[in-house]
Amino acid sequence: MKKAAGFFKNWRMCIPFLFLYLEIVFHLYMRLDMAYAPVFLLLAGAAGMFCAGILFFLPELPAKIVGAVITAAASLLFVIECISRDILQQYFQIFSAVETAAGNKLTDYASTVVQSVRENAGGVFLLFVLPLLIYTAWVKITGPKKGGQSRKKEAFINGLTNGLLSLAVAVLVHGAALAVIFFVPWQGDFTPEMLYCTDTNIDDQVEQLGVIAMLRLDVRNQIFGVPEGSRAQIDEEAAAAVTGEEQEIEAEEEKEIVYPYNEMDIDFDALKASASSSGSAWLSEYFASLIPTRQNEYTGMFEGYNVIFITAEGFSGYMIDPELTPTLYKLSHEGFVFNNFYSTLHFTSTSGGEFQNLTGLYPKAGFPVSMSETGKQGTYLPFTLANQLNRLGYTSIGYHFNQNMYGRELSHPNLGYEWRQFTECASPLTAETNEYGNAYWPQSDDYMISQTFDEYKDLQPFNIYYLTISGHLPYSFDGSQMSQRNSELVEALPYSEKTKAYIAANLELEKGLTRLVDDLEEARIADKTVIVMAPDHIPYSDLDVLEELAGRSFNAESLENLDEKTVDVDVYRNTWILWSASMDEPVTVDKPCSQVDILPTVSNLLGLQYDSRMMAGTDVLSSADPIVIFFSNSWLTEKGMYNRYTGTFEPAEGVVMSEEEKNAYVENIKYIVSSRLSLGQLIIENDYYRQALE
């Protein structure tokens, strides 16, 4: 009994206590659900006991040093997670954080990081400074008394005994955690059992399993691979229900026109039979179960046109104003008008938004970064606009007036573009500089277009991709030189300084689009060019800006973090521009749609040959029903909105369903949502398009 008491009084036992402390404070500070405390506290306690056990095997002084390092490292990781969630609206895993730090020029975020630390000073103190103070005080109070040789020998034996005891307790506590994870009947779409066996849904992992467990599982998955889980059983009835094929056929018969399918001649059964992995086999079976979308009256409307595709950094359509931004207003109201378009937040900031825009797939919800991985692996992506149009003799060039981030020097050539950026590409661009020769931050979108139009205007048919940068955070007149440049234009607006700075920065995009339309008209090719523009993501770290621009509250408990438990999903409502000067009148589309729907819709308008079953998005102009999938796995269709947190479905206005019909519909869509979110990851991991189409 005396030895046991000594064991628990040993200073090394402060490590498990600090791990528990960090998880509790973090969950409270980030307003996470404490209902999962039995899970994340047991997992944190087991990890802490394991670390304490290691310290028992070390001599006193080295043990104290290692203990201090463990405390500091653990505390710092919690602070990093807090800041990462604040800035990027996602937690970083160890390997993704290393990749991002190594591969990106993070100076772009330096001022934002400093600002986040200032704003979260209280949390930084609680999560970093206080644990170190507790550790120092605990070690000083409970440290061993000095003694002779016999005491040193006794301390050595006690260290071995206590170390083994601590490791044994760690195993027992971890076993208890696994019992709670796998045998308690947790409710909801995501459970601790499911999250323990995946490397995606990191937000839910952190909430239910804890930060320490999420980081440990990240290491486990990178070394040993993700445990083979049971994928959703292929449900042909559910797949058909989503396409709305019965209604589509009926509609076509009424018109006495039966349009062909947007599909290719692919033997999915043979692909499944010869599949080299379970992922490839599942993809083949899944695609075979789907009914393609049909072509429609808009098929080939822009066939042979030049294409200019713009991914707009941090853009929100709430800023569009007929007087302040007349070109944005013109392009968004005189072409195709998508009244219910959403920029749903999906992982890895700009890169994740680009991945949706350019591939029609969802990025993986975790490490590795999907877009970067396609470049590293040389993944075959035949359905990107560049790769499709290049086969028809187009010239495809991509521009980004910034240094390399997210490995675009590899990924974007793989998408089919001749890639132009400041460094590490065949034809580096020249940055705009001030009178002292220093490059502006951020760069001007107007300058980008002025420097590039002459390169491609005579290379028709051309397919140009612009990744803008002027709208990059932070939004302040001190932190953004584009905001400074346009400060006088927004001075009289009835908004806060931050919102004015946001608008001012994006006026460079307005100027650039004005220049682009004028240049196209001067070159007499405006009526043979289609302009496509969509955001990479909303300004997700600055919901207060969106509140002001929209003139309404999004009902968030806190605007510091985008949390779909509390925020109105209309925060994601945005503008998708699809315009050509050849259009005589606008075409209004009321269907809910999102960024993954852009590629199949534009491919159909260009009359390209593609297989509509092999993307996560849907041709919005077909009679199929697109699905808008949000960060939390809540979703929206023409028939209604499903809230993943409450497990409830709210039918759209005018939609009448019996309880039985509602339950069946919800289960069908939940199945298809889960499947669509998996496609991008599985296609990249298995290079599936190459197997199916080369």
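Predicted model only: the values in this text are computed from it and were never measured.
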### Query
If you take all heavy atoms of L358 and T384, which pair is closest and at what distance?
O-CG2, 3.5 Å
### Message
Is it the case that the side chain of S84 and the backbone of I80 share a donor-acceptor pair, with hydrogens and angles ignored and the cut-off at 3.5 Å?
### Response
no
### Query
Will you find, in the side chains of N633 and D204, an N or O donor that is under 3.5 Å from an N or O acceptor?
no
### Query
Rounded to the nearest 0.5 Å, what separation is found between the OH atom of Y36 and the OG1 atom of T191?
8.0 Å
#### Entry: Whether T588 side chain and V337 backbone form a donor-acceptor pair below 3.5 Å
no
### Message
For D687 and T379, which I'm curious about, is there any donor-acceptor pair between the side chains at under 3.5 Å?
### Response
no
### Query
So how far is it from T311 OG1 to D536 CG, rounded to the nearest 0.5 Å?
7.0 Å
### Query
Hey, does the side chain of N414 reach the backbone of L410 with a donor-acceptor pair shorter than 3.5 angstrom?
no
### Message
For T468 versus E313, what's the shortest heavy-atom pair and its separation?
### Response
OG1-N, 2.8 Å
### Message
Given 3.5 Å as the limit, does a donor-acceptor pair link the side chain of S612 with the main chain of P292, or not?
### Response
no
### Beyond-backbone contact of K591 with N340, side-chain heavy atoms, under 4.5 angstrom
no
## Note on the structure
Nearest heavy-atom approach of L599 to F383 is CD2-O, 3.3 Å
### Task
Check whether any side-chain heavy atom of V596 lies under 4.5 Å from a side-chain heavy atom of Y362, and answer yes or no.
yes
### Query
Does some side-chain heavy atom of L605 sit less than 4.5 Å from a side-chain heavy atom of F336?
yes
### Query
What's the verdict on side chain to side chain contact (heavy atoms under 4.5 Å, CB included) for K670 and V666, showing C-alpha distance, side-chain angles and the deciding distance?
CA-CA 6 Å; K670 283 168 65 174; V666 168; 3.5 Å; yes
### Task
Report yes if some heavy atom in the side chain of N463 is under 4.5 Å from a heavy atom in the side chain of Y417; otherwise report no.
yes
### Query
Quick one: ring pair (Phe, Tyr, Trp, His ring centres under 6.0 Å) partners of Y502, sequence neighbours excluded?
Y475
### Message
Less than 4.5 Å apart, side chain to side chain, heavy atoms only: is that true for R294 and S622?
### Response
no
### Atom of T575, atom of P535 and distance for their closest heavy-atom approach
O-CD, 3.6 Å
### Message
Quick check for you: to the nearest 0.5 Å, what is the distance between L209 atom CG and Y196 atom OH?
### Response
8.5 Å
### Task
Mind listing the closest non-hydrogen atom pair of Y540 and L543 along with its distance?
O-CD2, 3.8 Å
### Message
Quick one, W186 with V39, criterion side chain to side chain contact (heavy atoms under 4.5 Å, CB included). Give me CA distance, side-chain angles, the key distance, then yes/no.
### Response
CA-CA 11 Å; W186 297 97; V39 179; 3.5 Å; yes
### Message
Taking the six-membered ring of Y610 as reference, does the cationic atom of R391 (NZ for Lys, CZ for Arg) lie under 6.0 Å from its centre and within 45° of its axis?
### Response
no
### Task
Indicate whether the side chain of S284 and that of Y688 have a donor and an acceptor atom separated by less than 3.5 Å.
yes
### Query
Just by distance, do the side chain of S674 and the backbone of Y671 share a donor-acceptor pair under 3.5 Å?
no
### Query
If you measure only the distance, is there a donor-acceptor pair under 3.5 Å linking the side chains of N262 and D619?
no
### Query
For the side chain of E207 and the backbone of D33, is there at least one donor-acceptor N/O pair under 3.5 Å apart?
yes
### Task
Evaluate side chain to side chain contact (heavy atoms under 4.5 Å, CB included) for T198 paired with F190, printing each intermediate quantity in order.
CA-CA 11 Å; T198 185; F190 294 90; over 6 Å; no
### Query
Any idea which heavy atoms bring G314 and P539 closest together, and the distance?
O-CD, 3.5 Å
#### Entry: Rounded distance [0.5 Å steps], OG1 in T359 versus CE in M615
8.5 Å
### Query
Is there a donor-acceptor pair closer than 3.5 Å between any side-chain N or O of D597 and the backbone N or O of P626?
no
### Query
How about K565 and R31: do any of their side-chain heavy atoms sit closer than 4.5 Å?
no
### Message
Name the residue from I669, I672, V628 that meets the side chain to side chain contact (heavy atoms under 4.5 Å, CB included) definition with W635.
### Response
I669
### Query
Within the distance-only criterion (no hydrogens, no angle test), does the side chain of N574 pair as donor or acceptor with the backbone N or O of F341 below 3.5 angstrom?
no
### Task
Tell me yes or no: between the side chains of D189 and Y642, is some donor less than 3.5 Å from an acceptor?
yes
#### Entry: Donor-acceptor contact below 3.5 Å, side chain T601 vs main chain V620
yes
### Task
Report the C-alpha distance between Y286 and S678 in whole Å, list the side-chain angles of each, state the deciding distance to 0.1 Å, and finish with yes or no for side-chain hydrogen bond (donor to acceptor under 3.5 Å, both in side chains).
CA-CA 11 Å; Y286 173 73; S678 302; over 6 Å; no
### Message
Has Y689 got a side-chain atom pairing as donor or acceptor with M614's backbone, closer than 3.5 angstrom?
### Response
yes
#### Entry: S343 side chain reached by H537 side chain, heavy atoms, under 4.5 Å
no
### Task
Classify the ring geometry between F630 and Y342 as parallel (under 30°), tilted (30 to 60°) or perpendicular (over 60°).
perpendicular
### Query
Under 4.0 Å between a Lys/Arg side-chain N and an Asp/Glu carboxylate O for E354 and R408?
yes
### Query
When you look at L283 and Q691, which way does the side chain to side chain contact (heavy atoms under 4.5 Å, CB included) test go after all the steps?
CA-CA 11 Å; L283 285 169; Q691 298 175 33; over 6 Å; no
### Task
Kindly indicate whether the side chain of E81, heavy atoms from C-beta on, has any atom under 4.5 Å from the side chain of M214.
yes
### Query
Does the side chain of S634 pick up a donor-acceptor pair with the side chain of E564 at under 3.5 Å?
no
